[in-house]
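The next block holds one structure in the form of structure tokens; read it before the comments.
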Amino acid sequence: MMDYVRKAASAIEESLGVGSSAALVLTFLIVLISVYVTLQVFQVLSGSAIRTRRSRGNAALLLGQCGSGKTAVFFRLRDGEEVQTVSSLSASRDSFEIKAGEAHDQKLGPLEVVDFPGHLRMRGKANDMVKEARCIIYMVDAEDKPKLKDGHR
Ligand SMILES: Nc1nc2c(ncn2[C@@H]2O[C@H](COP(=O)(O)OP(=O)(O)OP(=O)(O)O)[C@@H](O)[C@H]2O)c(=O)[nH]1
Ligand SMILES: [Mg+2]
């Protein structure tokens with residue numbers, strides 16, 4: 001290592017025409033700066049990797065307007081039954097296996113499913129929920145034409 005530094009220092013000494021001690025100091029400075037830059041680059045790279053991993057959860061998030069059938073789908077997936085629902089006021093989340101395949105004989109998961117209320121009051125909180133989601137299932141009621149139009153809100 002010191003050998004390389006000395007060689008680099010004498011190269012700098014020759015090319016810049018500075019004294020040998022000045023060349024040595026310059027070489028050390030260059031080494032220090034490159035180490036610093038490398039460390040910074042590593043930090044930025046690993047930092048962004050951690051952030052992207054954190055910004056995504058593992059849940060399947062059900063979003064959509066009031067009455068579009070999110071809670072109905074949630075219980076259909078979990079218990080395989082039709083339920084009578086009322087407009088939800090809080091999110092329900094559960095981790096379960098989902099029956100798949102034509103004969104419902106295969107299993108998917110376990111998968112965490114979140115049924116998030118469509119009520120306007122809860123919209124702000126939906127953003128926090130999105131961070132925990134791996135995928136979003138946005139539901140619309142195809143029968144309700146006026147609501148379909150403002151579905152983007
Ligand atoms: N006919 C029919 N009715 C459905 C279907 N899915 C849901 N519903 C009914 O639509 C109504 C609203 O469904 P919910 O699942 O409560 O709607 P939601 O999206 O959870 O609504 P919020 O909790 O208010 O955000 C209920 O009366 C359900 O029984 C469907 O596929 N067909
Ligand atoms: Mg609901």
Side-chain angles (χ1 to χ4, degrees), residues 1-5 7-9 11-12 24-153:
M1 169 73 190
M2 279 311 284
D3 223 33
Y4 283 119
V5 173
K7 268 184 204 160
I12 286 177
L24 208 60
V25 169
L26 257 176
T27 321
F28 270 116
L29 269 180
I30 290 169
V31 169
L32 274 181
I33 289 170
S34 23
V35 167
Y36 178 77
V37 168
T38 319
L39 281 179
Q40 288 293 317
V41 167
F42 263 110
Q43 215 168 4
V44 167
L45 283 181
S46 61
S48 63
I50 288 167
R51 235 176 289 131
T52 46
R53 225 180 297 140
R54 274 200 195 134
S55 68
R56 255 181 137 195
N58 260 330
L61 176 60
L62 290 162
L63 287 184
Q65 287 170 324
C66 288
S68 55
K70 300 179 292 294
T71 306
V73 162
F74 181 86
F75 285 103
R76 171 98 65 92
L77 288 174
R78 195 181 71 171
D79 309 323
E81 58 186 39
E82 310 280 324
V83 288
Q84 285 301 315
T85 60
V86 289
S87 193
S88 314
L89 290 171
S90 61
S92 39
R93 62 194 296 172
D94 199 0
S95 191
F96 48 84
E97 285 181 334
I98 294 170
K99 291 194 180 73
E102 266 175 48
H104 290 271
D105 52 355
Q106 290 158 24
K107 277 183 175 167
L108 260 178
L111 180 73
E112 180 161 39
V113 181
V114 183
D115 161 28
F116 197 84
H119 196 280
L120 269 176
R121 235 192 302 161
M122 304 286 287
R123 290 275 164 94
K125 289 183 190 153
N127 287 334
D128 298 334
M129 217 44 245
V130 168
K131 292 187 194 112
E132 292 187 45
R134 174 147 299 234
C135 72
I136 294 173
I137 301 134
Y138 192 87
M139 301 203 43
V140 287
D141 183 353
E143 296 270 294
D144 196 339
K145 293 256 162 65
K147 267 195 182 171
L148 263 182
K149 277 189 185 155
D150 65 18
H152 60 279
R153 267 196 268 151

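On a predicted model such as this, the values are computed, not experimentally measured, just so you know.
Partners of Phe74 according to the ring pair (Phe, Tyr, Trp, His ring centres under 6.0 Å) rule, which considers only residues two or more places apart in sequence or in another chain, are Phe96. Looking at residues two or more places apart in sequence or on another chain, you find a side chain to side chain contact (heavy atoms under 4.5 Å, CB included) between Leu108 and Ile98, Ala100. In terms of the salt bridge (Lys or Arg N to Asp or Glu O under 4.0 Å) criterion, residue partners of Asp128 (sequence neighbours excluded) are, by chain and number, Lys131. Evaluation of the side chain to side chain donor-acceptor pair (under 3.5 Å) rule for Ser90 yields no partner, not counting sequence neighbours. Residues satisfying the side chain to side chain contact (heavy atoms under 4.5 Å, CB included) criterion with Ser95, sequence neighbours excluded, are Pro110, Glu112. Listed by chain and number, the residues in a side chain to side chain contact (heavy atoms under 4.5 Å, CB included) with Asp3 are Arg6, Lys7 (sequence neighbours excluded). In terms of the side chain to side chain donor-acceptor pair (under 3.5 Å) criterion, Asp141 has no residue partners (sequence neighbours excluded). Residues satisfying the salt bridge (Lys or Arg N to Asp or Glu O under 4.0 Å) test with Lys107, not counting sequence neighbours, are Glu97. The side chain to side chain donor-acceptor pair (under 3.5 Å) check on Asp94 picks up Arg78, with sequence neighbours excluded.
Shown are Val114, Ile136, Val73; of these, the side chain to side chain contact (heavy atoms under 4.5 Å, CB included) with Leu62 is made only by Val73.
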For residues 81-88, tabulate all N or O donor-acceptor pairs below 3.5 Å that involve a side-chain atom, not counting sequence neighbours.
unit_1	atom_1	unit_2	atom_2	d
Glu82	OE2	Arg76	NE	3.0
Glu82	OE2	Arg76	NH2	3.3
Ser88	OG	Thr71	OG1	2.9

Going by atom type alone, with no hydrogens or angles, which donor-acceptor pairs under 3.5 Å involve a side-chain atom of residues 27-42 and a protein atom two or more places apart or on another chain?
unit_1	atom_1	unit_2	atom_2	d
Thr27	OG1	Ala23	O	2.5
Ser34	OG	Ile30	O	2.6
Ser34	OG	Val31	O	3.2
Thr38	OG1	Ser34	O	2.5

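For the salt bridge (charged side-chain N to carboxylate O under 4.0 Å, His left out) condition, no pair includes a residue of residues 24-45, sequence neighbours left out.
Atom OG of Ser68 sits about 11.5 Å away from atom CD1 of Ile137, to the nearest 0.5 Å. Note: Glu132 CD to Leu61 CG = 9.0 Å, rounded to the nearest 0.5 Å.
At least one donor-acceptor pair closer than 3.5 Å links the side chain of Lys70 to the backbone N or O of Gln65. The backbone N or O of Asp115 sits nowhere less than 3.5 Å from a side-chain atom of Arg93 that would complete a donor-acceptor pair.
Here the shortest heavy-atom pairing between Met122 and Phe116 reads O-CE2, 3.3 Å.
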